[in-house]
Amino acid sequence: MNKRQLIICSAIICALVILSRCISKQPAGGDMRGPQYAAANSCESCHKAIYDSYQSTAHAHTSGLANAQTVKGTLTAPANRFVFGNGTEVVMEQQDGRLYQAAYSNGALQQKQAFDIAVGSGRKAQTFLYWQAGKYMQLPISWFVPANSWANSPGFPADHPKFDRAIPSTCFGCHSSMVGIKSVSAQGLEMQEEFEQNKLVAGIDCQRCHGPAADHVNYQTEHPQEKTAHFMAKIGALNTQQQIDMCAVCHSGLKPMLKPASEFKPGDALADFVMPTAPFPTSRIDVHGNQLQLLAASKCFTGSKQMTCSSCHSPHKTERENMQVFSQRCMSCHMAGSPNFCTLKTVPAATLQQNCIDCHMPATPSSAITLLTNGKQSPTPDSIRTHWIKVYKEVK
Ligand code: HEC
Ligand code: HEC
Ligand code: HEC
Ligand code: HEC
Ligand code: HEC
Ligand code: HEC
Ligand code: HEC
C-alpha cells in the first residue's frame, strides 16, 4: 500500500469508528451540547436523591425562561415599576401569558420589550434579557432582593431607561450550562457575538460540573448490576487544586477568559481558562464573586493544605443561612476543647459554637461591585459574606 492509499484507508477507518460511536452512543433524549452529553435529566433515574435536592439550589436556577413563576419581582401595581430620573416610568405588563417591560414618558409608550431569559436565582437579584436579531439584550430594570424593589439594572444609568445593552457570552459561561454562539467578529475594539436562537442549556446542570456523561449513562444503563462508576471523573481522586479550580472557574471574579468557561471539565486547570491578573492587596479584593482569592488569603487555607470549597459547601444542597451546619464544618478542624478552638474567652464556648461565621466571615458591604450594585444607583448596597477567614476586631 502506498502512502496515499494508507492515508485514505485510515481516514475511512476513522470515519467508520466515529460513525459507529455516534450510532451506538447516541443518548436517549440527546442534548444540544453534542453527543458526548446525556440529556440533562438523565441523571435522575439512578441518582434520584442528589437530583432532587439539587433542584433547590441557586446553581440550578441561575438562569431560565422568564415567566410569571420564575420572575421573583413584583408584577402587580403599585410596586411593579421604577421611575427614572427624567420621569420615564418602566412598568411590568402581562399580555397573553408573556411579561414585558414598557417605558412610558408622560403617559406615552416609548418602548416595550418582552422578558425572555432570567439571570440570577433571585437570592439577591435577578436581571432579564430579551432576544433580538441574534443578540440577548438586557432589560432596563432588575429586581433587587435586599431592597425588595425594581431599580435600574446594574451598570445602567439612573436618569433614563436603556434597551440597547447586548449581553456577552461570558455571562452565560457562569450562569448557564451552555449557550449556542453562531459567530464572533471584531467591530473596532468591541467583540460582536451572534447567538443561536433557542440554544441555551439554562441553569447549571450536573454535567456543567461533572463533565459530559453520555458514555457514563450508556454504560451504566447497559450494565445495571455494575455498582462502580465508569466513564465518570472521580472528584475525590482529583488533587486539592483541581477540586478548587472546578468551582473557581466561576468564582474568581469577572476576569477576561482565555476559553469559554462552559468547556471546563473536572481535572482542568483554572490557569488555562482565566487570564491571570496582577495580585491585589488582600484588603482590596472585591468580595463579589471572588471567593477563591479571599479564601486563598486565609490561614485556614494556607495552613491546612487540604481545604477545598467542599470542606464547607455541599454541592448538591442548599444550606444557606444554616450557620450551625457551617460552624460544624469549622469545628472539623477547630474542635471544641482542643487548642485549635476559638481563643475568645469573653463568650461561653457553647455560644461560640452556634455561629463561628458572623464573627470570622462577616457579611461585608461590597465596595467595588461592578456587576450587581453600584453604590450610587442601587437602592441598598449589597453585602457579601467574605471568604477571608480571620479575626475581625470590630466584631469582638
Ligand atoms: C443507569 C444508571 C446511571 C445513570 C443514568 C447515571 N449514573 Fe452516575 N453513577 C451510576 C452508578 C452505579 C455509580 C456508582 C455508584 C455511585 O457512586 O452512586 C455512579 C456514579 C456517579 C458519580 C460518582 C463517580 C465517582 O466514582 O466518584 C458521578 C459524579 C455520577 N455518577 C454522575 C452522573 C451524572 C452527571 C449523570 C447524568 C448525566 C449520571 N451519573 C447518570 C449510575 C448512573
Ligand atoms: C458554571 C459556573 C459555576 C460553577 C462551576 C460553580 N458555581 Fe457556584 N455559583 C455560580 C453562580 C452564577 C452563582 C449565583 C447563583 C444565583 O444565585 O443566581 C453561584 C452561587 C454559589 C453559592 C451561593 C449559593 C447559595 O445558595 O447561597 C455557593 C455556596 C456556590 N456557588 C458554591 C460553589 C461551589 C462549592 C462550586 C464547586 C463545587 C461552584 N459553586 C461551582 C456559578 C458557578
Ligand atoms: C466569572 C463568572 C461570572 C460572570 C462572567 C458573570 N457572573 Fe453573575 N454571578 C457570578 C457568581 C459567582 C455570582 C454569585 C456571587 C456571590 O453570591 O458571591 C453571581 C451573581 C449574579 C447575580 C445575582 C444572583 C442572585 O440571585 O443573587 C446576577 C443577577 C448576575 N450575577 C448577573 C450576571 C450578568 C447579567 C452577567 C453578565 C453581564 C454576569 N452575571 C456575569 C458569576 C458570574
Ligand atoms: C457545582 C458543581 C456540581 C454540580 C452542579 C453537581 N455536582 Fe455532583 N459533585 C460535585 C462535587 C464537588 C462532588 C464531590 C463531593 C465532595 O467532595 O464532597 C460531587 C459528587 C457527586 C457524586 C459522588 C458523591 C456523592 O455525593 O454521592 C455524584 C453521584 C454526583 N456528584 C452526582 C451529581 C448529579 C446527579 C448532579 C446533578 C443533579 C450533580 N452531581 C451536580 C459538584 C457538583
Ligand atoms: C480544613 C481545616 C480547616 C477548616 C475546615 C477551617 N479551618 Fe480555620 N484554620 C485552619 C488552620 C490549619 C489554621 C491555621 C492555624 C495556625 O496557623 O496556627 C486556621 C486558622 C483559623 C483562624 C485564625 C486566622 C488568622 O488569621 O489568625 C481562624 C479565625 C479560623 N481558622 C476560623 C475558622 C472558621 C470560622 C472556620 C469555618 C468557617 C474554619 N476556620 C474552618 C484549618 C481549618
Ligand atoms: C471554611 C468554610 C468555607 C469554605 C472553605 C468555602 N466557603 Fe463559601 N461560604 C462559607 C460560609 C459559612 C458562607 C455563608 C453562608 C450563608 O451566608 O448562608 C459561604 C458563602 C458562599 C457564597 C455565597 C456568598 C454570598 O454572600 O453571596 C459563595 C458564592 C461561596 N460561599 C462560594 C465558595 C467557593 C467557590 C469556595 C471555594 C473557593 C468556598 N465558598 C469555600 C464557608 C466556606
Ligand atoms: C463573638 C464572635 C466570635 C465567635 C462566635 C467565634 N469567634 Fe473565634 N475569635 C473571635 C475573636 C475576637 C478572636 C480573637 C481572640 C483573642 O484575641 O484572644 C477569636 C479567635 C479565634 C481563633 C484563634 C485565632 C488566632 O489568632 O490564632 C480561632 C481558630 C477561632 N477564633 C475559631 C473560631 C471558631 C471555629 C468558631 C466557631 C466554633 C469561633 N471562632 C467563634 C471571635 C469569635
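Whatever order the structure lists them in is the order used to number ligands and atoms, beginning at 1.
Ligand 2 lies under 4.0 Å from heavy atoms of A58, H59, T62, G120, S121, R123, G173, C174, H175, I204, R208, M246, C247, C250, H251, C309, H313, R320.
Under the rule for a ring-ring contact (aromatic ring centres under 6.0 Å, His included), the partners of F84 that lie at least two apart in sequence or sit in another chain are F82. Legend: residues meeting side chain to side chain donor-acceptor pair (under 3.5 Å) with R329, ordered by chain and number and at least two apart, are E319.
Of the residues listed (T170, I117, I167, V119), the one engaging H175 in a side chain to side chain contact (heavy atoms under 4.5 Å, CB included) is V119, and it is the only one.
Neither the backbone nor the side chain of D358 comes within contact range of ligand 7; no heavy atom lies under 4.0 Å. Heavy atoms of V391 found under 4.0 angstrom from ligand 7 belong exclusively to the side chain. Of all the heavy atoms of T351, none lies under 4.0 Å from any atom of ligand 7, so neither backbone nor side chain is involved. When heavy-atom distances to ligand 7 are checked against a 4.0 Å cut-off, K299 has no atom that comes that close, whether in backbone or side chain.
Centred on atom 8 (Fe) of ligand 7, the NE2 atom of H360 and the SG atom of C342 lie at an angle of 180°, reported to 10°.
Ligand 7 lies nowhere less than 4.0 angstrom from a heavy atom belonging to Y392.
Proximity of Y100 to Q95: side-chain heavy atoms (C-beta onward) are separated by under 4.5 Å at one or more points. R81 places none of its side-chain heavy atoms less than 4.5 Å from the side chain of M92. Annotation: side chain of P140 is in contact with side chain of F163 (closest heavy-atom distance under 4.5 Å).
A distance of 11.0 Å separates CG of N355 from CE of M361, quoted to the nearest 0.5 Å.
Look at E93 and K112 and you find a salt bridge, because one of the NZ, NE, NH1 or NH2 atoms lies within 4.0 Å of a carboxylate O, short of that distance.
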Side chains of residues 258-268: which donor-acceptor pairs under 3.5 Å do they make with residues two or more places apart or in other chains?
from, atom 1, to, atom 2, distance (Å)
K265, NZ, E263, O, 3.1
D268, OD2, K265, N, 2.9

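Between atom 8 (Fe) of ligand 4 and C206 there is no N/O/S contact shorter than 2.8 Å.
For N355, no nitrogen or oxygen atom sits less than 3.5 Å from a nitrogen or oxygen atom of ligand 7, counting backbone and side chain alike.
A donor-acceptor pair is defined here as one N or O able to donate and one able to accept, closer than 3.5 Å; no such pair exists between the side chain of W143 and the backbone of A151.
Ligand 7 places these atoms under 4.0 Å from at least one heavy atom of N340: 29 (C).
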